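As the structure is a computational prediction, the values presented were derived from the model and not from experiment.
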Amino acid sequence: MFFRYQGEAYDRRFLPRLTTKEIAAMNKDDALLVLPIGAVEQHGPHMPVFTDTLLGEAMLTKAFEHLPEDSCIWLLPSVSYGKSTEHAGHPGTITLSAKTLMAVLEDISSSLARSGFRKLLLFNTHGGNADLLGMMAREIRIATGLEVYRLDPGAVGYSDSFTDEAEKACGIHAGDVETSLVMATCPGWVHAELAPREMPRFPDSRYFSFRSRSFAWVMDDISGSGVAGDATKATAARGAAMLETAGPLLAEALLHIASFEMASLKNG
């Protein structure tokens, strides 16, 4: 069971628990701030609409358990709402427009820069945010001078050994992986008896592929249930194993980002 605001991430590395005096006195040259960005949107008939934000917080809670004591990596409060316009019209979906989310990120990053911080990581757990965050990372860099990085937890491959090829290809929303993770995190939030299986028929073409985002779909284009994947296979045990795998992999990624210097990109 996941308990919000408990564990290493919140007991020792949650920036807002510090006072303004403590934050002013921090050595910010080596500090990396992690901003989780999720969503509140439909996840089929069996899953909570808070899934993306919940799983981002749960994964970071695991990751922070594996950070060295002397690392200077700090967690910020989640931006719980994201750009979920592809799920608009489904009850419970609460979406920000692209302009609103951009403005929120601009305001947060400007505030962090005024406090003297140098490095910001956008930790994204909702696919619908990805394009906007990629664009905004550069805009924030230009506007504030912050070094801005982006990480989606799927990039570390925590679920690769736990899923089959069909799920890897089509299980992008509320399928086996996400359902297993929520079962392990907040088991009372999942209605397993309602879990569906729906596998979209994504085209396999170098000119017209799902992975390259070469066509603009909304959820109702690819699924009748609101699910893309096989949620019927989900288990809490596999979800717990995925979380345990994700923890050290994400910690390693955070440490790598924290130690990277943008100045190192110039040759000579």
Q. Are Thr125 and Thr53 side-chain neighbours, meaning at least one heavy-atom pair lies under 4.5 Å?
A. no
**Q.** Check: Leu132 and Leu105 side chains under 4.5 Å, non-hydrogen atoms
**A.** yes
Q.
Less than 4.0 angstrom from a charged side-chain N to a carboxylate O is my criterion; do Asp30 and Arg118 meet it?
A. no
Q) Under the 3.5 angstrom rule, does the side chain of Thr163 hit a backbone N or O of Lys168 as a donor-acceptor pair? A) no
Q.
So does Thr19 get a backbone contact from the side chain of Glu22, meaning a donor-acceptor N/O pair under 3.5 Å?
A. yes
Q: Would you indicate whether Phe50, at its atom CZ, is surrounded by more than 12 heavy atoms from other residues, nucleotides or ligands within a distance under 6.0 Å?
A: yes
**Q.** Polar side-chain atom of Thr93 near backbone of His87 as donor-acceptor pair, under 3.5 Å
**A.** yes
**Q.** Closest non-hydrogen atom pair, Ala31 against Trp74
**A.** CB-CD1, 4.4 Å
Q) Does Leu122 belong to the same Ile/Leu/Val/Met/Phe/Trp/Tyr cluster as Met262, with side-chain heavy atoms less than 4.5 Å apart forming each link? A) yes
Q) Rounded to the nearest 0.5 Å, how far does CG of Leu120 lie from CD1 of Ile140? A) 6.0 Å
Q: Would you mind checking if Lys62 and Glu244 are paired as a salt bridge, meaning a charged N to carboxylate O distance below 4.0 Å?
A: yes
Q. Looking just at side-chain N and O atoms, do Glu178 and Thr51 make a donor-acceptor pair shorter than 3.5 Å?
A. no
**Q.** Nearest atoms (heavy-atom pairs only) where Ala169 meets Phe202
**A.** O-CD1, 4.0 Å
Q: Please tell me if the side chains of His46 and Glu193 come closer than 4.5 Å, counting only heavy atoms from C-beta onward.
A: no
Q) Which atom pair, heavy atoms only, marks the closest approach of Thr235 to Ser180? A) N-OG, 3.1 Å
**Q.** Residue pair Thr95, Val40: steps toward the side-chain contact (heavy atoms from CB on, under 4.5 Å) verdict
**A.** CA-CA 7 Å; Thr95 183; Val40 177; over 6 Å; no
(Q) Looking at Glu139, I want to see if its CD is surrounded by more than 12 non-hydrogen atoms of other residues, nucleotides or ligands under 6.0 Å. (A) yes
Q) Is any side-chain heavy atom of Leu32 closer than 4.5 Å to a side-chain heavy atom of Leu255? A) no
Q. Quick one: CG on Leu54 to SG on Cys186, what's the gap to the nearest 0.5 Å?
A. 4.5 Å
Q | Common cluster, Ile222/Val218, ILVMFWY with side-chain heavy-atom separation under 4.5 Å | A | no
Q: Calculate, to the nearest 0.5 Å, the distance between atoms CE and CG belonging to Met136 and Asp131 respectively.
A: 13.5 Å
Q) Counting N and O atoms only, with roles assigned by atom type, does the side chain of Ser110 sit under 3.5 Å from a partner on the main chain of Glu106, one being a donor and the other an acceptor? A) yes
(Q) Do Ile73 and Tyr5 land in one hydrophobic cluster if side-chain heavy atoms of ILVMFWY residues count as linked below 4.5 Å? (A) yes
Q | Spatial distance of atom CE (Met47) from atom CG (Leu194) [nearest 0.5 Å] | A | 12.5 Å
Q: Output yes when a side-chain donor or acceptor of Arg150 lies under 3.5 Å from a complementary backbone atom of Ala130, and no otherwise.
A: yes
Q.
Looking at every heavy atom in both Gly44 and Val227, which two are closest together, and how far apart are they?
A. CA-CG2, 3.7 Å
Q | Shortest non-hydrogen separation from Met199 to Asp230 and the atoms involved | A | SD-N, 3.7 Å
Q. Does the side chain of Met26 come within less than 4.5 Å of Leu18's, by heavy atoms?
A. yes
Q) For the side chain of Lys119 and the backbone of Leu146, is there at least one donor-acceptor N/O pair under 3.5 Å apart? A) no
Q) Would you say the side-chain atoms of Glu8 pair up with the backbone N or O of Arg13, donor to acceptor, closer than 3.5 Å? A) no
Q: Side-chain contact test, heavy atoms from C-beta onward, threshold under 4.5 Å: evaluate it for Lys233 versus Asp164 and give yes or no.
A: yes
Q. Roughly how far apart are Met102 CE and Ser97 OG, rounded to 0.5 Å?
A. 9.5 Å
Q) Hey, does the side chain of Ser115 reach the backbone of Phe117 with a donor-acceptor pair shorter than 3.5 angstrom? A) no
Q. Which heavy atom in Ala216 sits nearest to a heavy atom in Asp221, and how many Å separate them?
A. O-OD2, 4.3 Å
(Q) Donor-acceptor check, side chain of His43 to backbone of Glu41, threshold 3.5 angstrom: yes or no? (A) yes
Q) Is the closest basic N to carboxylate O distance between Asp176 and Arg238 below 4.0 Å? A) yes
Q. If Ile, Leu, Val, Met, Phe, Trp and Tyr residues are connected whenever their side-chain heavy atoms lie under 4.5 Å apart, and connections chain through other members, are Leu265 and Tyr149 in the same group?
A. yes
Q) So Thr245 and Phe162, side-chain contact (heavy atoms from CB on, under 4.5 Å) or not? Walk me through it. A) CA-CA 10 Å; Thr245 301; Phe162 297 96; 3.7 Å; yes
Q) How long is the span from the CG atom in Asn129 to the CG atom in Asn124, to the nearest 0.5 Å? A) 4.5 Å
Q | Residue pair Lys83, Leu96: steps toward the side-chain contact (heavy atoms from CB on, under 4.5 Å) verdict | A | CA-CA 5 Å; Lys83 181 182 174 296; Leu96 303 182; 5.7 Å; no
Q | Cluster link Phe260 to Val34, ILVMFWY, side chain under 4.5 Å | A | yes
**Q.** pair Pro77-Phe14: side-chain heavy atoms closer than 4.5 Å
**A.** yes
(Q) Using side-chain heavy atoms (C-beta onward) and a distance below 4.5 Å, is Ile23 in contact with Leu15? (A) yes
**Q.** Under 3.5 Å donor-acceptor, Gln42 side chain and Gly226 backbone
**A.** yes
**Q.** Leu250/Leu60 under side-chain contact (heavy atoms from CB on, under 4.5 Å): CA gap, chis, key distance, verdict
**A.** CA-CA 8 Å; Leu250 289 172; Leu60 287 170; 5.6 Å; no
